[in-house]
Amino acid sequence: MPTASVPPPIDSALQRSSAAALLSHGAQVALVNLAIAGLIATINGGRFGHVLLYAQCIGLSIWLIVEFGRQFDPRRTRRWPSGWRGPALIAIGCTLGYAAGTTIADAIFGYSSWRDYLRNPTQLMRDFGPTVVFCAIVASGFWARGQAREQRERIAAATHAATLARLTLLQSQLEPHMLFNTLANLRALIAADPLRAQEMLDRLIAFLRATLAASRLAEHPLADEFARIADYLALMQVRMGERLHASLALPPELATIAVPPLLLQPLVENAIKHGLEPQRGVGELRVEAALDGATLVLVVADSGRGLEAAAAARAREPVDPGSGFGLAQVRERLHALHGDAAAFALAPRDEGGTRAEIRLPLRTRPTASESGSPR
Amino acid sequence: MTTALIAEDEPLLAQALRAELGRAWPALHVLAPAGDGDEAVARALQQRPDVVFLDIRMPERNGLEAAEAIVEEWPADAGALPLIVFVTAYDQYALQAFERAAVDYLQKPVQQARLAACCARLRDTLALRAAARGADTPTDDAALLGRLRSLLAAPPEPAQAPLTILQAGVGATLHMIPVDEVVYLEAADKYVRVVTAEREALIRMSLRELLPRLPAERFWQIHRGTVVRADAVATATRDDSGKVSLTLRQRPERLVASRLYAHLFRGM
């Protein structure tokens with residue numbers, strides 16, 4: 001008696017629309033059954049219509065059983081069950097599907113294959129054997145296809161997430177307000193003081209280069225971090241003139257400690273944007289690094305209008321959709337790198353203004369200076 | 001002579017704009033620049049320029065708030081309001097919104113051709129205005145104020161329920177003040193001073209946030225920083241400058257409605 005078999009295709013389309021996916025799977029299985037029937041009819045002879053009916057009944061039965069079995073996957077992914085469960089499901093589906101499909105086809109023809117098999121058990125082996133073989137071939141085909149698709153989707157999702165993260169980081173660092181105001185100052189300086197304009201442009205170039213590199217580099221030495229902050233502050237100095245008094249303090253023995261690139265940047269930017277810039281008169285900004293035992297302490301302190309005033313202003317004027325992003329980003333980066341070992345605190349200072357403090361566990365491995373090494 | 005005031009906190013940019021205006025519009029007399037929002041308001045009211053260039057992001061009051069204050073406090077006898085041009089490096093405000101609330105806007109870095117076009121527009125507007133001199137346009141000023149306010153308004157919160165009670169903490173005690181008992185509200189920095197017949201209290205909320213949650217037909221804004229319950233007002237008296245002074249039923253003090261809200265108090 002004729003034989004055929006087919007396990008289900010596996011893919012995530014099932015998750016999208018189960019009814020449509022089920023239909024499409026059924027159609028694919030029926031197509032495969034048709035091919036198998038053609039093959040068997042060619043090799044064994046016999047009437048094609050007859051062979052086809054058995055092939056469809058058995059193949060579709062196996063498919064339905066396996067499809068049903070997949071609903072009970074403990075992971076609920078509706079893909080292949082994991083480990084031994086997958087092959088076991090195919091084996092069960094193959095056996096039960098063969099029995100059910102043969103019985104159904106028998107009923108249609110008013111025949112009994114089982115009587116034949118009782119009389120002649122080798123006939124059962126001859127019919128069931130190919131079912132098992134086809135079942136295994138088709139199952140592994142579908143399995144491989146599903147696997148490949150899943151893999152592609154995983155890669156696509158991961159790439160998307162990584163791109164998004166880099167883009168948001170870049171966007172937060174290339175603050176358009178800062179960029180256009182700096183360019184406006186540069187434009188003014190070109191005519192008034194070309195030498196200073198050139199110097200400012202150099203600073204801007206260094207700052208932009210560092211910003212773009214920061215999304216690629218995992219870490220750089222603290223000395224580089226301070227150099228980039230110095231570039232940024234020099235740009236702000238031109239813009240704010242005498243209103244900004246900035247100082248940087250990096251003890252030489254800490255210069256080679258590796259830190260995530262531009263980690264301090266959002267803090268310095270916040271200190272200026274929310275603390276000093278909105279305040280009339282002269283403001284102080286101090287960036288310093290120190291060691292506390294095996295902990296690196298990085299501090300950005302300003303004498304600006306303070307956290308409370310800044311928060312009140314944010315409530316008053318809905319100016320920035322991006323505000324708050326900088327701090328969240330600092331926290332996220334610290335957490336991703338050091339888990340609970342790193343700390344970040346933002347607090348008002350007694351003498352007025354705000355103090356941001358990052359505490360990083362010290363790792364002894366120094367990194368080579370980016371700016372010092374030849375390319 | 002046409003005069004202009006520049007409000008810009010970055011000294012280089014203020015200088016540059018002044019120099020470029022000198023080239024684009026030699027007849028324009030540019031006053032010494034103002035370095036922050038508060039100074040811009042004070043100097044505009046005192047020197048009464050024809051044109052004000054307002055940077056959006058400035059210390060103290062920002063450009064929009066400064067514009068609001070200038071429009072609101074502009075004396076009735078001082079002639080037409082100055083033409084406002086906003087200057088911005090980058091903002092998420094739709095630039096069209098700036099255009100509705102001002103004669104023009106400029107983006108930094110300001111380009112020569114763009115500045116020339118802006119100057120032409122200003123000259124045209126001033127010429128039109130001179131031709132139509134004498135025509136009183138208080139409603140236009142009020143509309144302009146409305147557009148500035150809508151720019152300044154807090155983003156619409158997801159449907160907040162109207163308030164019936166204001167909860168004001170005084171030390172360890174919480175005062176539950178029914179909205180019906182409020183005589184007037186006054187903005188005080190980041191707080192609002194709530195005044196009833198018997199007492200006053202501070203609530204930690206800005207007037208801008210509070211106002212949309214009060215019934216509009218009963219609570220009237222009469223000044224940038226003052227909202228009064230209409231049925232608590234006893235009399236309204238108009239003075240020469242166009243301001244209206246209000247007496248209250250349950251309080252001895254007087255409130256002042258600025259010129260632009262004077263239309264609220266008209267005989268029937």
Side-chain angles (χ1 to χ4, degrees), chain A residues 171 174-193 196-197 199-201 204 235-244 272-283 304-323 325, chain B residues 8-20 23 34-40 55-66 68 87-93 106-112 115 150-157 187-192 204-210:
Chain A
Q171 225 164 25
L174 272 190
E175 212 254 311
H177 196 265
M178 178 264 171
L179 198 57
F180 286 117
N181 261 319
T182 303
L183 289 173
N185 272 280
L186 203 48
R187 191 178 183 281
L189 271 183
I190 286 172
D193 190 346
R196 238 178 112 206
E199 191 194 324
M200 190 179 187
L201 189 56
L204 181 62
L235 293 175
M236 291 310 298
Q237 191 73 64
V238 174
R239 291 181 44 197
M240 295 175 67
E242 286 158 12
R243 286 178 56 213
L244 176 64
I272 289 188
K273 190 164 128 195
H274 301 301
L276 300 178
E277 225 178 357
Q279 175 186 254
R280 216 181 321 193
V282 175
R305 60 178 172 170
L307 290 169
E308 207 171 313
R314 259 201 301 284
R316 209 162 34 106
E317 50 187 274
V319 177
D320 247 302
S323 63
F325 179 78
Chain B
E8 164 65 75
D9 59 319
E10 299 190 20
L12 258 176
L13 296 188
Q15 266 173 45
L17 182 57
R18 193 175 185 181
E20 301 220 18
R23 282 192 287 276
D36 61 61
D38 286 357
E39 192 190 336
D55 181 26
I56 292 292
R57 220 186 261 195
M58 282 189 294
E60 307 300 327
R61 259 189 275 224
N62 71 28
L64 286 168
E65 289 169 326
E68 183 193 21
V87 187
T88 176
Y90 180 90
D91 276 282
Q92 90 286 10
Y93 292 113
L106 295 170
Q107 277 181 294
K108 292 191 263 187
V110 180
Q111 322 231 315
Q112 242 156 21
L115 186 65
S150 69
L151 267 179
L152 279 163
E157 302 264 334
D189 200 7
K190 56 209 168 200
Y191 300 95
V192 170
R204 231 184 134 88
M205 199 178 189
S206 72
L207 195 58
R208 249 192 258 290
E209 292 168 280
L210 183 59

### Message
Has A:Arg187 got a side-chain atom pairing as donor or acceptor with B:Val110's backbone, closer than 3.5 angstrom?
### Response
yes
### Query
Looking at A:Val238, A:Asn185, A:Leu183, which has the largest count of heavy-atom pairs under 4.5 Å with chain B?
A:Asn185
### chain B interface, residue from A:Gly281, A:Ala188, A:Pro176 that has the most non-hydrogen pairs under 4.5 Å
A:Pro176
#### Entry: Closest non-hydrogen atom pair between B:Tyr90 and A:His177, with its separation
O-CD2, 3.3 Å
### Query
Non-hydrogen atoms of chain B under 4.5 Å away: do they reach the side chain of A:Arg239, the backbone, both or neither?
both
### Query
Under a 4.5 Å heavy-atom cut-off, does chain B meet the side chain of A:Glu277, its backbone, both or neither?
both
### Task
Select, from B:Leu17, B:Asp36, B:Asp38, the one with the greatest count of heavy-atom pairs under 4.5 Å involving chain A.
B:Asp36
### Spatial distance of atom CG (A:Asn181) from atom CD (B:Glu8) [nearest 0.5 Å]
6.5 Å
### Task
Apply side chain to side chain contact (heavy atoms under 4.5 Å, CB included) to B:Glu10 and A:Met240, showing your working.
CA-CA 6 Å; B:Glu10 299 190 20; A:Met240 295 175 67; 5.7 Å; no
### Query
So, are B:Asp9 and A:Arg280 salt-bridged, with charged N and O less than 4.0 Å apart?
no
### Query
Which bit of B:Glu20 is near chain A, if near means a heavy-atom gap under 4.5 Å: side chain, backbone, both or neither?
side chain
### Task
For a side chain to side chain contact (heavy atoms under 4.5 Å, CB included) with B:Pro59, tell me which candidate from A:Arg305, A:Gln279, A:Arg243 qualifies.
A:Arg243
